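Structure first, commentary second.
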Amino acid sequence: MEAYLSKVELYSKIFTQINKRYNSISLLRLLSIFFCLFMLFYYIKTNENLYVIIAFLSFVVFLFLMRIHSKLSFKKELTKAILKINEDEISYLKREKLPFENGIEFNDFHHPYAYDLDVFGEHSLFQNLNRTATFIGKKTLADKLLNLFPNETILENQEAINELKTKIEWRQDFEALAIVSTDSKNSYDSLINWISFKKESLSKVLIALSIILPILFFGFVIAYFVTSKTIILSYVTYIFIFNLIVLGRALKRIQSEIAKADNIDKTIKQYSLLVQKIELEKFESKKLIELQKQLVSKNAPASSHLKQLSELFSRMETINNFVTATLFNGSFLFNLHVLRALLKWKDNYVHELEKWINIIGEFEALNSLANLSYNNPDFVFPEINSEYKIGFENLSHPLLNPSNRVGNDTHFYPQSFMILTGSNMSGKSTFLRSLGINMVLGGIGSVVCASKANIHPLPVLVSMRLSDSLADSESYFFAEIKRLKQIMDALEVRPAFVLLDEILRGTNSDDKRNGTIEVVKKVIAKNAIGAIATHDIEVCLTTNEYPNILTNQCFEVEIQNNELHFDYKLRSGICKNKSATFLMQKMGVI
């Protein structure tokens with residue numbers, strides 16, 4: 001918190017200074033152009049050459065001030081973005097608001113855990129983690145949260161995140177550049193569409209004409225100035241018209257290359273700045289160094305190639321200006337030459353372009369996870385094992401308020417599956433979600449909400465919170481059966497970490513009890529690790545049959561001073577106390 005507060009103070013002062021300079025330059029720029037016009041007026045009035053010289057110098061000053069103004073404008077935007085980043089972090093840590101995108105567009109109700117564990121949506125894991133500003137950054141972070149990585153990748157991610165955690169200035173500068181890029185899904189889709197759009201190269205005749213005709217045009221123009229023969233002007237006119245006819249032959253190809261590419265030059269330019277930020281930083285972790293090395297192609301940095309592409313798209317947009325397009329193309333087939341350069345760039349680097357964009361996304365996602373680690377110094381990187389051992393000390397949910405969250409020690413060895421009991425509101429569901437969320441975080445290389453952790457990364461399979469699928473005409477019960485079938489099918493492929501919360505609610509108590517017991521038996525037969533929460537005490541008796549695999553754990557409730565007291569502490573054994581009868585009596589229901 002202190003670091004963010006000091007940065008807000010610092011960047012507020014910097015922003016004020018830049019804003020003053022920005023306003024001063026704006027005023028000087030206005031004065032210089034007025035002075036230029038004023039001198040031109042006096043030149044017309046007096047015909048004194050001195051006034052036209054002063055007017056010219058004033059115009060040069062105006063152009064110089066324009067460049068300064070443009071740089072200050074960008075610097076102002078960047079400083080404003082960094083200021084907002086730190087203000088948002090302060091608001092977030094104070095629990096005042098969640099000013100980050102929630103990634104609801106990535107939610108998948110059929111995913112093994114995305115909906116059940118609130119990975120996306122309001123107050124979700126994604127929203128709490130998300131510090132991305134480009135679409136590819138959001139997409140990469142979402143993909144990470146939906147997938148399990150090999151142990152080697154997890155360890156590399158841990159090392160990279162641990163390094164980025166310490167680079168707060170670099171992370172915030174990178175995030176600010178991403179923010180001012182105003183990138184969107186449409187911009188990203190336009191670029192990917194251009195990458196995938198493939199057509200034959202230009203014909204040799206068209207290429208030859210693009211070289212010969214401009215040479216003839218300027219040759220005749222020079223010849224006219226040398227000879228002053230009027231007939232040469234007619235040749236110049238014919239070539240001008242013929243150039244426009246040649247351009248017309250290539251117009252469809254030009255339009256197809258830049259279709260749906262509005263402002264794509266600005267997006268690519270911002271990508272180049274983000275890539276350059278990566279290129280110039282010194283990294284020590286294996287993964288970050290490898291990503292950095294991929295930003296070199298044909299002995300030149302990727303940022304320079306991206307800047308070139310941005311300039312080509314910017315030049316190509318002149319085709320939409322009738323006057324400019326007619327003048328430039330009639331004289332030297334400007335847009336045809338730009339098209340040739342664009343197609344040449346595409347041939348050389350199109351296979352690299354998507355990789356460079358993905359690297360931006362990878363850094364944004366890793367920055368988000370590094371920010372989680374930075375904001376929570378008490379979180380730890382779990383040790384990774386290959387022995388199917390999973391254990392946490394002081395485990396809690398990472399999204400709960402640190403001031404009142406309660407941690408619990410839990411280990412899935414030697415027994416690998418837990419039957420969890422407890423009254424409503426005692427903390428069962430929160431505990432299951434804590435297990436699930438931390439297994440997801442541990443499986444992508446992030447820190448987890450625990451003081452110590454040792455995990456064997458496994459796929460996470462959850463049946464905790466299903467809703468009636470009205471669009472598919474499914475009842476809650478049938479949707480739950482389908483989810484259990486999905487879990488069983490996944491367990492056929494490989495062991496997994498399974499979390500079940502009060503399954504089979506849509507049937508009678510005997511059917512529910514028998515079904516739950518059979519599900520537990522089948523799950524442990526498939527070597528699953530995990531937990532099931534239940535209110536049925538008879539389900540807990542299954543541990544007598546499988547004492548080496550199953551264990552009973554519970555959350556208890558106490559009645560103190562005629563009030564229910566929950567301590568949210570995990571205990572061994574079966575829950576004994578009941579709260580429903582007490583609550584109904586207290587509230588006059590019974």
Side-chain angles (χ1 to χ4, degrees), residues 1-16 19 76-107 114 117-145 161 164-165 167-188 270 274 277 360-361 363-377 379 397-405 437 440-441 446-447 449:
M1 180 79 81
E2 291 300 320
Y4 296 130
L5 288 168
S6 63
K7 283 182 179 294
V8 166
E9 185 180 355
L10 172 64
Y11 283 103
S12 294
K13 291 177 182 177
I14 294 173
F15 181 79
T16 302
N19 204 37
K76 182 181 174 183
E77 279 188 76
L78 213 57
T79 306
K80 188 177 179 181
I82 295 176
L83 191 57
K84 186 178 185 303
I85 287 168
N86 286 282
E87 288 172 343
D88 284 347
E89 291 296 342
I90 292 168
S91 297
Y92 172 72
L93 292 175
K94 285 182 175 180
R95 305 274 161 171
E96 293 175 348
K97 63 177 181 176
L98 260 174
F100 315 112
E101 290 189 53
N102 61 30
I104 190 65
E105 65 269 32
F106 302 110
N107 209 1
L117 296 181
D118 298 313
V119 175
F120 303 106
E122 284 300 312
H123 303 286
S124 63
L125 175 64
F126 182 92
Q127 189 174 25
N128 280 267
L129 291 178
N130 182 29
R131 299 300 185 273
T132 67
T134 67
F135 176 75
I136 187 59
K138 285 191 293 181
K139 184 175 181 295
T140 305
L141 180 59
D143 287 343
K144 282 186 183 299
L145 294 174
I161 291 165
L164 287 171
K165 178 179 72 173
K167 293 179 177 289
I168 184 171
E169 284 81 10
W170 186 89
R171 282 193 289 110
Q172 291 195 348
D173 288 346
F174 189 83
E175 187 180 348
L177 280 172
I179 289 170
V180 299
S181 72
T182 60
D183 184 44
S184 66
K185 185 179 186 299
N186 288 337
S187 301
Y188 173 79
Q270 289 305 123
L274 287 166
K277 190 74 180 172
I360 292 172
F363 266 90
E364 278 204 282
L366 291 172
N367 280 350
S368 295
L369 297 173
N371 195 74
L372 172 71
S373 180
Y374 181 85
N375 283 347
N376 299 276
F379 287 13
H397 199 295
L399 307 190
L400 291 177
N401 193 323
S403 62
N404 54 26
R405 68 184 172 213
I437 287 292
V440 170
L441 289 173
S446 172
V447 291
C449 184

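Remember, predicted model here, so these are calculated numbers, not experimental data.
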Are the side chain of [X] and the backbone of [Y] linked by a donor-acceptor contact shorter than 3.5 Å?
X: N130; Y: E101; result: yes
X: S187; Y: D183; result: no
X: N128; Y: S124; result: yes
X: S368; Y: E364; result: yes
X: S181; Y: A178; result: yes

With the threshold set at 4.0 Å, does a side-chain nitrogen-carboxylate oxygen contact exist between K138 and E105?
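Salt bridge between K138 and E105, a charged N being under 4.0 Å from a carboxylate O: yes.
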Could you state the interatomic distance from [atom1] ([X]) to [atom2] ([Y]), rounded to the nearest 0.5 Å?
X: L274; Y: D173; atom1: CG; atom2: CG; result: 11.0 Å
X: I14; Y: N19; atom1: CD1; atom2: CG; result: 13.5 Å
X: K144; Y: S446; atom1: NZ; atom2: OG; result: 10.5 Å
X: Q172; Y: L83; atom1: CD; atom2: CG; result: 10.0 Å
X: I437; Y: L399; atom1: CD1; atom2: CG; result: 6.5 Å
X: L177; Y: E77; atom1: CG; atom2: CD; result: 11.0 Å

Could you check if a side-chain atom of [X] sits within less than 4.5 angstrom of a side-chain atom of [Y], using non-hydrogen atoms only?
X: E175; Y: N367; answer: no
X: V119; Y: V440; answer: no
X: L117; Y: L125; answer: no
X: T132; Y: T140; answer: no
X: P398; Y: N376; answer: no
X: V447; Y: L441; answer: no
X: D118; Y: H123; answer: no
X: K94; Y: M1; answer: yes

Could you go through Y188 and T134, starting from their C-alpha distance and side-chain angles, then the distance that decides it, and tell me whether this counts as side-chain contact (heavy atoms from CB on, under 4.5 Å)?
CA-CA 9 Å; Y188 173 79; T134 67; over 6 Å; no
Over 60° means perpendicular and under 30° means parallel, so tell me whether F106 and F126 are parallel, tilted or perpendicular.
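Judged by the thresholds at 30° and 60°, the geometry between F106 and F126 is tilted.
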One pair to check against side-chain contact (heavy atoms from CB on, under 4.5 Å): K97 and Y92. What are the steps and the verdict?
CA-CA 6 Å; K97 63 177 181 176; Y92 172 72; over 6 Å; no
Run the numbers on E89 and K7 for side-chain contact (heavy atoms from CB on, under 4.5 Å), then give the verdict.
CA-CA 11 Å; E89 291 296 342; K7 283 182 179 294; over 6 Å; no
Using only heavy-atom distances, determine whether the side chains of D88 and Y4 contain a donor-acceptor pair under 3.5 Å.
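Checked: D88/Y4 side chains show no N/O donor-acceptor pair below 3.5 Å.
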Could you tell me whether R171 sits above the aromatic face of F363, with NZ or CZ closer than 6.0 angstrom to the six-membered ring centre and within 45 degrees of the axis?
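Cation-pi check for R171 and F363: fails.
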Can K185 be said to sit on top of F135's aromatic six-ring, NZ or CZ under 6.0 Å from centre and within 45° of the ring axis?
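Yes - K185 lies over the ring of F135, closer than 6.0 Å to its centre and within 45° of its axis.
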Heavy-atom closest contact (S403 atom, N401 atom, distance)
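Heavy atoms of S403 and N401 come nearest at OG-OD1, 2.9 Å.
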Give the minimum heavy-atom separation between A81 and V180, together with the two atoms involved.
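Result for this residue pair: CB-CG1, 4.2 Å.
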Under the criterion side-chain contact (heavy atoms from CB on, under 4.5 Å), I'd like the reasoning laid out for N102 against F120: C-alpha separation, chi angles, the key distance, then a yes or no.
CA-CA 6 Å; N102 61 30; F120 303 106; over 6 Å; no
Report, as yes or no, whether the 6.0 Å neighbourhood of atom NZ on K76 holds more than 12 heavy atoms from other residues, nucleotides or ligands.
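Above 12, so yes.
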Check whether more than 12 heavy atoms from other residues, nucleotides or ligands sit under 6.0 Å from atom NZ of K84, and answer yes or no.
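Atom NZ in K84 is not crowded, with 12 or fewer foreign heavy atoms closer than 6.0 Å.
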Run the side-chain hydrogen bond (donor to acceptor under 3.5 Å, both in side chains) test against S91 and tell me which residues pass, sequence neighbours left out.
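Testing S91 for side-chain hydrogen bond (donor to acceptor under 3.5 Å, both in side chains), a comparison that skips the adjacent residues, returns none.
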